[in-house]
Amino acid sequence: MIHSLFLINSSGDIFLEKHWKSVVSRSVCDYFFEAQERATEAENVPPVIPTPHHYLLNVYRHKIFFVAVIQTEVPPLFVIEFLHRVVDTFQDYFGVCSEVVIKDNVVVVYEVLEEMLDNGFPLATESNILKELIKPPTILRTVVNTITGSTNVGDQLPTGQLSVVPWRRTGVKYTNNEAYFDVIEEIDAIIDKSGSTITAEIQGVIDACVKLTGMPDLTLSFMNPRLLDDVSFHPCVRFKRWESERILSFIPPDGNFRLLSYHVSAQNLVAIPVYVKHNISFRDSSSLGRFEITVGPKQTMGKTVEGVMVTSQMPKGVLNMSLTPSQGMHTFDPVTKLLSWDVGKINPQKLPSLKGTMSLQAGTSKPDENPTINLQFKIQQLAISGLKVNRLDMYGEKYKPFKGIKYMTKAGKFQVRT
Amino acid sequence: MSASPAYSEEKGGSSSLGEPEYGHDPASGGIFSSDYKRHDDLKEMLDSNKDSLKLEAMKRIVAMIARGKNASDLFPAVVKNVACKNIEVKKLVYVYLVRYAEEQQDLALLSISTFQRGLKDPNQLIRASALRVLSSIRVPIIVPIMMLAIKEAASDMSPYVRKTAAHAIPKLYSLDSDQKDQLIEVIEKLLADKTTLVAGSVVMAFEEVCPERIDLIHKNYRKLCNLLIDVEEWGQVVIINMLTRYARTQFLSPNQNESLLEENPEKAFYGSDEEDSKDDKPDAASLVKRKPYVMDPDHRLLLRNTKPLLQSRNAAVVMAVAQLYFHLAPKAEVGVIAKALVRLLRSHSEVQWVVLQNVATMSIKRRGMFEPYLKSFYIRSTDPTQIKILKLEVLTNLANETNISTILREFQTYIRSMDKDFVAATIQAIGRCATNIGKVRDTCLNGLVQLLSNRDELVVAESVVVIKKLLQMQPSQHSEIIKHMAKLTDNIQVPMARASILWLIGEYCEHVPKIAPDVLRKMAKSFTSEEDIVKLQVINLAAKLYLTNSKQSKLLTQYVLNLAKYDQNYDIRDRARFIRQLIVPTEKSGALNKYAKKLFLAQKPAPILESSFKDRDHFQLGSLSHLLNAKAVGYQELPDWPDEAPDPSVRNVEEETAFLIESHIGLLGELREVPEWTKCTSREKRKEKVEKPFYSDSEGESGPTESADSEPESVSESESESGSSSSESGSDSGSRGEESGDQSEEEKKKKKKGKEGPRKACLESAGSDPSEEEEEQGKKGKKKKPQHEGKGGSETSWEEGSISESSSSESDSGSEAEESQSEPESKRRTTPPSSKPAPKASRKGTKEISLLDLDDFTPAPPQPASSPAIVSTSLVTDLEGLTLTDASLTPTMLSPVFSTVKTYELLHRMAGEGLSVEYYFNRQPFPPDPHMVAVQIQFSNNTESEVKNLRVSEPKLVSGMRIQEFQEIESLAPGDTANVIMGIDFCDSTQAANFQLCTHSRQFYVSIQPPVGELMAPVFMSENEFKKEQGKLTGMSEITEKLTLPDKCQSDHTIVQRVTAAANVSRVPCGADNEYRFAAKTVTSGSLVLITLEWKEGARAHLTVNSEKMVIGTMLVQDVSQALAQ
């Protein structure tokens, strides 16, 4: 399966290599560099690159290319999914996954990679188990380790590996037993020039942070489970319970995890919480263009829209922009032609706007296309689909846990065409 | 140290780069110190006695390896530490060894003995890691040692070690492929393993070592299907892919009746209803010839058990299921995968990229599937170009007459994008839509012509190329467009576009007689500076013009040909020479000359613009080969469906039969023949009486268990009745898919004896059928038949069987059956309790009880715990006689075998002001409500005065819990005691039931908390059933613990006594000496709880609890092991 892994940073240095079978020379990455050159942009590097003797599968995250070398037929998603899992694990271990952090923790990284694959086949990918095998570094532990000479490596087989609930370790103890669930919904939408919705859908996730003692068995039920059209579960969720009763029943992993992701059925019309009024015009002859956008709330169910951020990729012909926002900060990068405007909260009484002129390259004709506007926003305490958690019960343990549920709506891929 | 200078240079690089992470003192390890010294320094650290120094050294070495620096010269120093006690040092040494052992084989051998020792370690983790490293060091000399280690580990007790063994198999195989035969043996052995931990890894090994040995899978097929959902996600992917291939060789195509349609994809998108009706007629003839298609139940099992995995969070699993459905499912069912695949489009862009490629292929074959999700493929400006282009591909594939207008509107937006590659692809897409959908051809063409005036040259060029293709379809109407394009030759520089225009003008020069020569003139002028592809088209144009309009173009043609004659490119020179010979008549030129016009101006068929993803589906979807559209190394061809299904009986598992026979011989003996005569009469009776099973038969799931669970009723009614029900349930359980063929063979024999005549014939017809489930169906059909039309002929009953196949096959998976069990259970419980222990018990205990229990709310009042021991044992023997006649009987609820009661205090004398209350679990069924646990409560009045009105009030219960209060005790004289029974439904949890105990003057808050062992009621099972049920409850439902039995607890008697004291279970007969089995069902939900205690040599023992209710299982393990360890 997976032969080797190379980590390559944005300047093309291979800063880590790991082989699970015989050593593959790092010169194999030359094919990758070639493809990278051809693609011009990092995100356009094809995820699968065939070379005469190997296949290179790569993912690009946190400005690092994770390049896996394989030799024989293997489902490409298998490798890609695994690489993403590696990144997630690093993030889980070190908080962030960056070149610096990986270099700083190279031994832990190496040990973790060693445990994750055996002969190229995934062995332990559940981060709860990995953390029992190889303890994540913390400042305290580093200090203790240097003093006592103890190690980061667990000396026992993680109990989860063999138990009936492989995602949870046994013997978890907390003084404060808490279970928090965040229902986060994202609106993906394309709004056309005239403001009408071309496509809009709601994707949601329920992220949980569960810190409960022992082996709690939780059930989570919804007021309106019918809203959920397509769901995917963390392996802990009992599928049959869901099928028959539409109840999420599970023994949770310890700590943070994604319980569920869902898609709200397409029949429900999506309420679009914001609108953008725009007037962007280029004139053929003059070297000045007009630029004006206003953002306003639409269907927000009485909640405040906050964290609004507008970004737009301006056409190449735009040399500079002189704009004045009614609130917030804006920047325009003349090299990448990226305009971003950090709006903040929307006050319905005084709608934020950004007005001004663009200076265009003299002599060139006007661009074919007006730029698309990408929008980000957040609405607290609202699940735009109307999904509501009914109750959360715990069985199997005697104490009373502290429970909390938070709702949030965010913009996903929210685009306005102009 | 004899390193060459080059070496040391490299190391120099390593040390200066690799070290800073460890906060090295720059003074000691600076740039100036030599590498030799530095490595000496490492060696010194490795040789020291301090673990911390060793660790430090190893960390630095591993960091070097990670950066790809050579650290091989440290090998001798490192390998010495392989036996180091410090586990982290050890691990890092392993890392080093695995990396360099191949290069330093001789030295690596030094470490082997350590691993061999490790293989014998009592700690499974150490055994596993020893095997892991041993098999990873790739030293050919140790192949025999590896082989031995793998073989040993394959039968290790720990599943984790067995998993490691499975991983080691491909390693050894890649080292020495001569070991294949031996390795296959190990694989075969591991394939039979029942733990989910091993399944994925061994299938992986199977795929790498012997993918062609599909015959090894037969026996394990059903087990793999049933385990699948509990296997870890990576294993799932591998298993699903393998099973896809397996199914392709073993089952018939579910779409064989529609294969005619498949060849004509155009038809497919008109909707399936229409095509069905259309095709019924022509197919009717062939249908007569062909046997009607009935899906093999194993095929169905696979489809059903993989479907839930579409909900997996792992994209690879979802994709694997999607490809399985695409390749194996009947057309009507493939649609379910679309939603899941569309969901994956939300994932990382690499995942999107792969999924879109697969969707593109699928959408060509099954357009309807993705049509509802059209908008999910709309393109955002932020998508990477490669994603955009794939989405475009999908959109184009999905375009049809109804949605083309919306799609074209989208395309219009895309054309204005800043991403020019994407715009070019969009134009191509428009061209494809135009060729595929005649209705919009003109609209598209007009749109494209407008693009010709676009400012971007690339856009124009792409449009020209596409227009050229479109025009070829209907050139006569579009001379205007051709003229327009002719003008473009002045501006367009893209060679492909220029060549296209020239070709168009040449081809249709009759339509533009004036312009064509002029274009040729211009091109002749610039000929030398054109690209080759353009030059060729110039020659072409010249030749065509010469033939149609030689007067105007003769000289020009000569000129062009002369230029070409001296071109640098030999292709062009050749072409020029050839054309000159062909068109310019000379004396020498032969007969061909006459045909020149025909050769050049022949009608050319219009090109078909088709997707590059067409026909990619001959590669297994989701595979690397599919993605690359080329066979990757090690790709296993997806075989075509067989014409004739191979024998399905190969998947029947034999062990079950072995157990069956064993139990027949061992436990039944003479009883075996007894109930035979009862069967047919009781069957008739039953049929008249019980309508439910018949009804639920058509429902599929509840059928078998319903009849099985209703058994206790029949037991109490008459012996013959019970005989019948056991045979009934026997035949039913066959439909659970795990039954062996031989067993149903057995069934058949019995039935033949029972029912003679026409039935025999129909049995034979059923027997000849490939699938045993159908056979089962045949039987069910038969059972039903007599109700309708007496003893129907075999023909008709067979038909009925096959019709109801799809629904009833639902019941054949182990896990489904599991669930379905609890359902009818609850149904049963709501029926009035004429359950069997009650009447029997009442015979003995009525008098006593009626004294205590004045009320009449139960038909059979509960009895005190002292009496039932005798009753129940006699009952057991009764039941044994009944149940053992048929091994596949579903578990029967029993009254407890054992009762040494442990009393608990509910209210202490002091706290109760003289009233003391104790309670214990009397382990009797609580007749008013079988979901309740009976709690016997004993009040004793130690006061001077009478206590009046003792009753329960204000229960404060956790949701779902219920209490059946006892009848109020009017008065309790001083010094007197009273016994009552109350029922509590604990909902299978160990949470306490809180309530108040009231007297006339006081109230006391009390709570009853059940030990987990009291939440169940014993059931009787045969050994065989037990094994079967246990087989279904593996994976997550299995909890194992090792324990040591104390000395005083090493006799059979004490063990059984202690287990039954700890939990309300009944013993299951067992063939093995040192194994004890117990079974029970939880009271509320009726889920099975199976306990196995394996007594190893010495005092060691293994305790396994299998239960769907994991929490109960876990707690029970604790309780039982505690009870045993006391």
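Note that the structure is a prediction, hence the values are computed from the model and not measured. By convention in this document, chain letters (A, B, ...) are assigned in the order of the sequence lines, proteins followed by strands, and residues within each chain are numbered from 1.
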Regarding [X] and [Y], is there a side-chain donor-to-acceptor distance under 3.5 Å anywhere?
X        : Y        : answer
B/His348 : A/Glu81  : no
B/Lys631 : B/Ser625 : no
B/Ser136 : B/Lys171 : yes
A/Trp20  : A/Ser4   : no
A/Gln415 : B/Thr382 : yes
A/His84  : A/Arg61  : yes
B/Gln620 : B/Gln323 : yes
A/Tyr110 : A/Glu114 : no
A/Arg238 : A/Ser249 : yes

Examine whether an atom of [X] lies under 4.5 Å from a heavy atom of chain A, and if so say whether it belongs to the side chain, the backbone or both; otherwise answer neither.
X        : result
B/Glu207 : neither
B/Gln236 : neither
B/Trp353 : side chain
B/Gln386 : both
B/Arg99  : both

Where does [X] contact chain B at under 4.5 Å (heavy atoms): side chain, backbone, both or neither?
X        : answer
A/Leu16  : both
A/Ala189 : backbone
A/Asn44  : both
A/Ser261 : neither
A/Leu7   : neither
A/Glu41  : neither
A/Val45  : backbone
A/Asp118 : both
A/Glu201 : side chain
A/Leu117 : backbone
A/Pro216 : neither

Next on the checklist: Only pairs of heavy atoms separated by less than 4.5 Å count here; which of B/Ile387, B/Thr385, B/Asn358 has the most with chain A?
Outcome noted: B/Thr385
